[in-house]
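Here is the naming used below: chain letters follow the sequence lines, and residue numbers restart at 1 for every chain.
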Amino acid sequence: MGSIPLILKNLSVVDPQSEFNHQNVDIKIEGNIISQIGPANTISDEKSIVHEFEQAFVSPGWVDMHVHLSDPGFEHKETLSQLANAAKSGGFTAIMCSPNVSPPVDSAFHINSLKTRTHGLGVEFLFTGCITSHAEGKELAEVYDMHQAGAIGYGDGNHPIQKAGIVMRALQYLKAFDGLLIMSPEDKSISGTGQMEEGLISTRLGLKGIPEIAESIAVSRDLDLYQYNPGRLHIQPVTSKEGISRIKAVKENHPELSVGTNLYYLILNDESLLTFDPDYKVFPPLKTEDGQKFLIEALQSGWIDTLGSGHHPQGPEEKKVEFEIAEPGMLGLQTFFALANTYLIREEKISLSKLIELIAINPRKILKQPSVSVSINAEANLTIFDTGMDWKFSSDKIPSRAKNSPFIGQSFTGKPLATFYQGELSFSNL
Amino acid sequence: MALSSRHLLGIKYITAEDIRLILETADNFKEVINRPIKKVPSLRDITIANLFFENSTRTRISFELAEKRLSADIVNFSASSSSVKKGETLLDTVNNILAMKVDMIVMRHPLPGAPVFLSKHIPAKIINAGDGTHEHPTQALLDCFSLKEKLGDLKGARIAIVGDITHSRVALSNIFALNKLGAEVMVCGPPTLIPRHIESLGVKVEHNLRKTLEWCDAANMLRIQLERQDIKYFPSLREYSMLYQLNLPLLESLGKELVIMHPGPINRGVEITSEVADSDQAVILKQVENGVAVRMAVLFLLAGVK
C-alpha cells in the first residue's frame, strides 16, 4: 500500500453495528482499512499522521438518498465536482442521484459516462436510471443494461409515472435481476399546476393548492401493484399522512418495502411561503403545520426508513423570479446535519443514533450496498462530526453557482467536520 | 394620519385603520371629481409607471384617470402575459423603468405574489392592480366604498360573493377587507370553484344561490374566469347559468332590496341578466365611478408615506 497510516484520536462512536458503539476511541487507518480501534488516547505511532479531535463523533459514512443531479444539462446550476464538494462538505460519503438530467439517464451509456466523470471525486455516486425511456412513463428503459453498468435503482425521479400498467410491468421485469424500483408518488391529474400544499395558507395566498390525496392515491396504487407483484420497492419522498400510514400497514407483511422522506419537510412548513419566497418552493410542497407534525411523529415511530436532503440546485435565473415560474428545489447537502442536529436532535425529537440509522445504516440495506461499520478490519468509510459547535451558514461556503438555500445567514449548532472515503480524509469547509 | 405600509400589495397586508383612512380620503376625492375642475396638484412632480402585464381596460383607465386628476406624471407599459414567461425577467423590466426615475409603480400581473416579490427587490412604492389569483386590493376598497354608500357602516352587514371563488382575486381581497370592517361574508358557487379551506378565512360557504341571496344584504356577482381555468370545473356556461345566474324572476321572488355589485366586465346572460344588471338595485356603474376616487385616495396616501 505504501501510504502513511492515519490515526484519528478521541472520537465517540455512533454505530449500532459496532462493538465500539458509544465508546470514546482512537482509530488507526492503513490505506483503506481500519486496522486498529482502541480506547481514546491509547493509540500512538510516530510513523502515522495524527488528527486530534475534541468532543467529536464518528459514524459510518453518511448516504444522502435524495440528490438531484444537474450535470449534464444544467451545469450552470452545479457541476459534478461541485456536487461532490458539497457532499463532502456536508459529511456525506455517498449520494444517490436522480436521473433527471438532460438528456435523462436512461441507458448504460449514460451510467458509464457518469461513472467515468465522477471517478476520483472523493464521494461514492450511487446512480439511478430512468425506469422508462426518457422518463416519459411510456416504455421500459434498458434497465438490465444499466444494472450491468452499475445503476443501483430505477425510477423516473421527478417525472412520476402516471400509468399503473407501466408500474406493474416495471415491478415484474425488475425481478429478473432483483432490481430496485424507486417511486415518487404523485397523481398529476390531481396535483395539476398546483404550487403549494392545499390548506389555509394556499387559500390566503391565492396560490393553487395541491391536496395530499394527489400523493396518497399514487402511493395506494403502487402498493396495490406491489402486493400483486412483490419485489424491491422504495417510495420517496413520501410526505402525506395517508401515504405513510398505508405504507406502514403493508410493511407489516412486506418488511423489505421501504419509504423515505426529505429533511426539509420536518424542519419547515407552508408558513414559510407567506412571503412568496421562491427559495421555499419545493416539490412535493412543504406541508401544513399539522402535516409537518405528523411526519416528525412518523419518524419517531420508526415508520420512515431513510431521510434525504432533497438537494436540488437552482440558479438565480430559476429562482429570482415570480413564485409561480420559479423552479422548485433547495440546496440540502451542506445544511443537512446542522438542521437535523439543531431542530430534531437537540429538541429531543429523535436521537443521534436514530439519525445515523436513517442516513448511514438503512440506506445501504435498502440499496443492497456493502454495510459500512466503525469496526476493526472494516473498510474505512466514515463521517466525523460535532454536535455542540455554533456556526453560521454563509453563501461563500457553497461550491456551486446555485445558492438557493433559504438557510443562508442562519446560525446552527453542530456540523460535519470530515469524511474518510477511499483512503482520503477530507475536512469539511464549513 | 398615514398608512401603516409604504406599498399596497394586498388587503391582508394593511390594517382596518388603513382601510378606514382610505375610504374617508376617497370621500373627499369623490367630491373633487364631481367638480367642474377635477384636477388637484397633490401629486405634482411624482412620476408613476403603470405596468400592465395582463390585459385590463377599466382598472388601467381608472388608475390613469386617478393619477391625472392628482397631477402626477405618468408612463404606461403593457405587455402580453405570454411575454412574461420568456425573455426579460420582471425584475429587469422594472429596474429599467426605475432607472428613468420613477417614484411609484402600479402593477397588474398574471402571477400571484408578483408585487410582493417586486417589493423585496426594488425601492419604489408599489400598488397591486391585481396579481393572478392572489389579490386586487383597490377593487375590494372600491367595493367597500360602494357598499358603505348604500348600507352605511359595514359592521354586521351580510355580503355574498357569488361565482368562481377559486380563481378570483376580487373575492379574496373582498373577504379580507370585509372581515376587517366587521361584515359577515358568504361565498357561493359550484363546489369545484370554492377553495376547500375557504371557511378558515372566516366566511360561510353555500352552494345554493337562492339561499345565499335570501341571507345577504348585498351580492357581488363575479365573472367566470375562464382564462384562469386550466381544466374544466363545470360542464358548460349554460349549466352554470342555470344554477348561479341572478335573473329578474329570482330577484323579484326574494321580495327585498338587494345591493347588486359586479367588478366587471359583465358576461350578460351568464352570471347576471341584462334586466338585473341595468336595474335600480345594481350599483355596477357607481362602483366604476367610485374606483377613481378610491384610487386617488390610495395614490395620495401612499405618496405621503416615507
Side-chain angles (χ1 to χ4, degrees), chain A residues 162 187-214 216 240 269-281 285-291 314-328 404 406 408-409, chain B residues 9-13 53 81 84-86 88-95 107 109-121 128 130-136 165-173 175-176 179 187 194-203 205 225 228-231 233:
Chain A
Q162 298 303 297
D187 186 321
K188 283 192 169 289
S189 69
I190 296 176
S191 58
T193 54
Q195 293 292 314
M196 63 177 293
E197 184 82 358
E198 180 187 82
L200 167 61
I201 311 254
S202 70
T203 310
R204 280 177 63 85
L205 295 180
L207 283 173
K208 190 165 277 187
I210 301 175
E212 277 212 330
I213 198 168
S216 60
S240 63
N269 60 43
D270 60 355
E271 279 179 35
S272 300
L273 297 170
L274 276 171
T275 56
F276 293 95
D277 185 344
D279 276 345
Y280 292 97
K281 180 174 176 177
L286 295 175
K287 312 307 287 178
T288 61
E289 195 182 350
D290 279 352
Q314 298 291 358
E317 296 81 2
E318 287 83 22
K319 282 293 192 185
K320 211 173 171 186
V321 292
E322 303 89 304
F323 190 85
E324 212 167 295
I325 54 174
E327 293 284 337
N404 57 313
I408 290 169
Chain B
L9 303 174
I11 299 291
K12 69 167 148 312
Y13 306 106
F53 294 93
S81 58
V84 171
K85 291 187 184 180
K86 42 186 183 241
E88 197 178 41
T89 66
L90 173 63
L91 212 48
D92 284 335
T93 305
V94 174
N95 273 326
M107 184 168 79
H109 198 281
L111 299 176
V116 179
F117 163 76
L118 209 54
S119 72
K120 296 206 191 87
H121 297 287
N128 180 3
D131 59 335
T133 48
H134 179 219
E135 284 223 37
H136 192 351
I165 308 299
T166 298
H167 299 93
S168 174
R169 53 192 173 214
V170 175
L172 207 50
S173 284
I175 290 169
F176 293 136
N179 271 346
V187 295
I194 305 270
R196 191 178 174 82
H197 297 270
I198 193 85
E199 277 165 293
S200 59
L201 299 184
V203 304
V205 176
Q225 309 257 258
R228 275 184 223 131
Q229 297 178 8
D230 48 357
I231 49 171
Y233 289 88

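Contact annotation for Pro112(B): both backbone and side-chain heavy atoms come within less than 4.5 Å of a heavy atom of chain A. Of the two parts of Leu274(A), only the backbone, made up of N, CA, C and O, holds a non-hydrogen atom closer than 4.5 Å to a non-hydrogen atom of chain B. Proximity to chain B (any heavy atom under 4.5 Å) is shown, for Thr275(A), by both the backbone and the side chain. Using a 4.5 Å cut-off between heavy atoms, Ile198(B) contacts chain A through both its backbone and its side chain. Interface remark: Lys320(A) contributes backbone and side-chain atoms alike to the contact with chain B (heavy atom separation under 4.5 Å).
The CD1 atom of Ile201(A) lies 7.0 Å from the CG atom of Asn269(A); values are rounded to the nearest 0.5 Å. Put simply, NZ on Lys12(B) and OG on Ser173(B) are 7.0 Å apart, with the number rounded to the nearest 0.5 Å.
Below 30°, between 30° and 60°, or above 60°: for Phe53(B) and His109(B) the angle between ring planes is between 30° and 60°, a tilted geometry.
The minimum heavy-atom distance linking Arg204(A) with His134(B) is given by the pair O-CD2, 4.0 Å.
The candidate from His197(B), Glu199(B), Arg196(B), Arg169(B) with the greatest count of non-hydrogen atom pairs under 4.5 Å with chain A is His197(B). Residue with the most contacts toward chain B among Lys208(A), Glu198(A), Glu317(A): Glu198(A) (heavy-atom pairs, distance under 4.5 Å).
With sequence neighbours left out, the side chain to side chain donor-acceptor pair (under 3.5 Å) criterion links Lys287(A) to Glu197(A), Glu212(A), Thr239(A).
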Point to revise | side-chain contact (heavy atoms from CB on, under 4.5 Å) between Met196(A) and Leu207(A), worked out | key: CA-CA 7 Å; Met196(A) 63 177 293; Leu207(A) 283 173; 3.7 Å; yes
